[in-house]
Amino acid sequence: MIDFSLSDEHKALIEEARRFTRERVIPVAAECDRDSRFPMDVFKQAWELGFVNVTCPSEYGGPGMGELENTLVVEELAYGCTGIQTSLFANVLALTPIKLGGSEEQKKKYLGLLASEPVMASYATTEPDAGSDVAGLKTRFTQHGDDFVLNGQKCWITNASYATFYVIFATSNPELRHKGIAAFIVDRDTPGLRVGKKEDKLGQRASDTAQVFLEDVKVSKANLLAPEGKGFKLAMETFNQTRPDIGASATGLMRRCLEESVAYAKERKSFGVAIGQHQLVQWMLSEMAIRAEATRLLYQKAAWNLDNGVRDPIVSSFAKAFGADAAMQTAVDAVQVFGGNGYVKEYPVEKLMRDAKVLQIYEGTSQIQRLVIAKQLLA
Ligand SMILES: Cc1cc2nc3c(=O)[nH]c(=O)nc-3n(C[C@H](O)[C@H](O)[C@H](O)COP(=O)(O)OP(=O)(O)OC[C@H]3O[C@@H](n4cnc5c(N)ncnc54)[C@H](O)[C@@H]3O)c2cc1C
């Protein structure tokens with residue numbers, strides 16, 4: 001039996017997230033974009049409602065919801081602002097490897113911390129010379145008795161300026177590539193850890209993105225999350241679980257593009273009629289609707305797989321790859337529907353176009369998704 005309907009609980013969750021987006025996110029989105037300001041008050045309000053660490057298990061005090069619920073909330077918040085949504089959901093990226101690979105003590109301590117206080121955590125694989133090529137990372141760890149010492153640099157780390165702790169991937173020897181990689185949980189106040197400059201970005205400017213420097217950072221064995229040789233697999237499995245979120249984010253952004261474009265197409269006149277009467281404009285609107293619905297089906301299937309123990313990671317990559325590209329094209333089309341007005345900040349769609357671009361870059365670029373998909377096809 002196949003059933004595409006959402007339960008009453010899902011509908012209520014969507015309604016609550018939609019109200020939060022309308023009342024808290026949309027009113028501050030343009031200003032946060034303009035000033036590149038992360039809205040801490042919105043983060044705290046979202047945390048109170050359980051919209052921040054959605055998949056943090058209830059046994060550690062978290063909301064304890066599944067991946068489907070997580071993605072449904074992502075879609076709603078992304079409708080309001082993908083920059084704010086990215087910052088609210090970076091915790092899920094950091095808590096997922098702990099959920100997947102952490103010891104009971106680590107889960108109690110770090111998942112418990114996220115659940116008990118409105119704090120942030122970051123996930124850090126990327127480095128100046130290793131983005132797409134995660135196995136090429138160079139941040140080194142060395143073992144000294146029961147402790148590890150980390151040296152290196154991470155970049156493009158979401159929420160790094162505010163994080164209370166970081167999940168850091170490092171290698172014993174870069175020449176070993178994926179076989180040398182381990183993962184550590186590093187507290188913000190550990191001596192030698194320093195947060196660098198915040199990036200001045202094209203889009204998603206309400207989200208915080210910064211560098212992290214590690215200079216002789218001592219980490220105890222208790223904070224080893226994945227031993228040497230297991231870190232790369234943990235990073236990849238984390239992405240498998242979080243890529244549906246990018247599909248959901250893309251869907252929220254596309255829904256916004258579509259609604260703004262339909263409203264404008266009914267109002268704006270050319271050649272004596274509303275531009276929505278021109279078939280070439282109708283084509284763009286229809287394509288937007290098709291892309292949004294197709295991405296929604298993909299992310300919901302990927303999320304359903306994860307919630308039901310169905311191992312089919314190719315669908316997570318489909319949701320990410322298709323959704324990110326669909327969102328970019330949809331945002332470009334929304335600017336086109338608005339004509340000259342699409343190109344200025346008085347109207348909402350130029351922000352949507354700037355915000356959409358990073359969906360094709362973070363958590364594995366559109367090119368890397370094709371490689372991941374092809375690898376599974378050819379396996
Ligand atoms: C706003 C933002 C937030 C981010 N947040 C985080 C975070 O929280 N944590 C984190 O660890 N990282 C984060 N990242 C980093 C992000 O994951 C990387 O930027 C991304 O993986 C791409 O790496 P790169 O920038 O080094 O590009 P590169 O790897 O240098 O790629 C450059 C181009 O070459 C292409 N390319 C590279 N290799 C291949 C190949 N084999 N075949 C075909 N094409 C290829 C890429 O697709 C891309 O088009 C974030 C990035 C941004 C912009």
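Heads up: numbering here begins at 1 and tracks the sequence.
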Using a 4.5 Å cut-off on heavy atoms from C-beta on, say whether the side chain of [Y] contacts that of [X].
X: I314; Y: L377; value: yes
X: V332; Y: M328; value: yes
X: L137; Y: I181; value: yes
X: K154; Y: Y166; value: no
X: F148; Y: V186; value: no
X: L193; Y: V212; value: yes
X: V92; Y: N53; value: no
X: F38; Y: C32; value: no

Note to self: I'd like to know whether CD of E104 has more than 12 heavy-atom contacts from other residues, nucleotides or ligands below 6.0 angstrom.
What the structure shows: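 Yes, enclosed.
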Margin query: Just checking K198: does its NZ atom have more than 12 heavy atoms from other residues, nucleotides or ligands closer to it than 6.0 angstrom?
Written below: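 Enclosed: over 12 neighbouring heavy atoms sit under 6.0 Å from NZ of K198.
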Counting N and O atoms only, with roles assigned by atom type, does the side chain of [X] sit under 3.5 Å from a partner on the main chain of [Y], one being a donor and the other an acceptor?
X: T139; Y: G152; answer: no
X: Q369; Y: Q360; answer: no
X: K230; Y: G101; answer: no
X: R188; Y: T164; answer: no
X: N159; Y: S87; answer: yes
X: D307; Y: L68; answer: yes
X: K351; Y: R34; answer: no
X: T21; Y: E76; answer: yes
X: K269; Y: I275; answer: no
X: D333; Y: L285; answer: no

Determine the minimum heavy-atom distance between [X] and [Y], stating which atoms define it.
X: L352; Y: C257; result: CD1-SG, 3.8 Å
X: S207; Y: G83; result: CB-O, 3.4 Å
X: A319; Y: T295; result: O-CG2, 4.3 Å
X: G323; Y: M254; result: O-CE, 4.0 Å
X: A170; Y: R140; result: CB-C, 4.3 Å
X: P39; Y: A206; result: CD-O, 4.0 Å

According to a hydrophobic-cluster definition based on side-chain heavy atoms being under 4.5 Å apart (Ile, Leu, Val, Met, Phe, Trp, Tyr only), do [X] and [Y] belong together?
X: M65; Y: I14; value: no
X: F165; Y: L234; value: yes
X: I98; Y: L93; value: yes
X: V358; Y: M353; value: no
X: F232; Y: L176; value: no

Salt-bridged, [X] to [Y], with N to O below 4.0 Å?
X: E16; Y: R18; result: no
X: E363; Y: K320; result: no
X: E215; Y: R194; result: no
X: D33; Y: R354; result: yes
X: E260; Y: R256; result: yes

Side chains of [X] and [Y]: do they bring a donor and an acceptor to under 3.5 Å?
X: T86; Y: Y362; result: yes
X: E228; Y: S172; result: yes
X: Q367; Y: S132; result: no
X: S366; Y: D325; result: yes

Margin query: Would you say the rings of F51 and F89 are close, in the sense that their centroids are separated by under 6.0 Å?
Written below: no
Next item on the list: Would you please test D355 and R205 for salt bridge (charged side-chain N to carboxylate O under 4.0 Å, His left out) and show each step?
Entry: CA-CA 8 Å; D355 287 349; R205 289 169 58 77; over 6 Å; no
Report the distance from atom [atom1] of [X] to atom [atom2] of [Y], rounding to the nearest 0.5 Å.
X: L72; Y: R296; atom1: CG; atom2: CZ; answer: 9.5 Å
X: I246; Y: L253; atom1: CD1; atom2: CG; answer: 12.0 Å
X: Q211; Y: T126; atom1: CD; atom2: OG1; answer: 12.0 Å
X: I84; Y: R24; atom1: CD1; atom2: CZ; answer: 12.5 Å
X: I368; Y: D133; atom1: CD1; atom2: CG; answer: 8.0 Å
X: L88; Y: W47; atom1: CG; atom2: CH2; answer: 13.5 Å

Check: Could you walk me through whether E69 and H10 pass the side chain to side chain contact (heavy atoms under 4.5 Å, CB included) check?
Finding: CA-CA 7 Å; E69 287 82 2; H10 290 141; 3.1 Å; yes
Margin query: Let's go through Y123 and F169 carefully: what are the C-alpha distance in whole Å and the side-chain angles of both, what is the deciding distance for side chain to side chain contact (heavy atoms under 4.5 Å, CB included) to 0.1 Å, and is it a yes or a no?
Written below: CA-CA 9 Å; Y123 171 96; F169 292 81; 3.5 Å; yes
Margin query: I'd like to check the side-chain hydrogen bond (donor to acceptor under 3.5 Å, both in side chains) partners of N173; sequence neighbours left out, ordered by chain and number.
Written below: none
Next item on the list: Give the C-alpha distance, both sets of side-chain angles, the deciding distance and a yes or no for side chain to side chain contact (heavy atoms under 4.5 Å, CB included) between K301 and F318.
Entry: CA-CA 10 Å; K301 180 171 181 192; F318 288 166; over 6 Å; no
Next item on the list: Take L359 and Q204 through the test side chain to side chain contact (heavy atoms under 4.5 Å, CB included) and record every step on the way to the result.
Entry: CA-CA 10 Å; L359 299 172; Q204 299 209 355; 4.1 Å; yes
Notebook entry, point to check: Step by step, would you call K197 with E199 a salt bridge (charged side-chain N to carboxylate O under 4.0 Å, His left out)?
Noted result: CA-CA 6 Å; K197 82 173 167 70; E199 302 296 344; 3.1 Å; yes
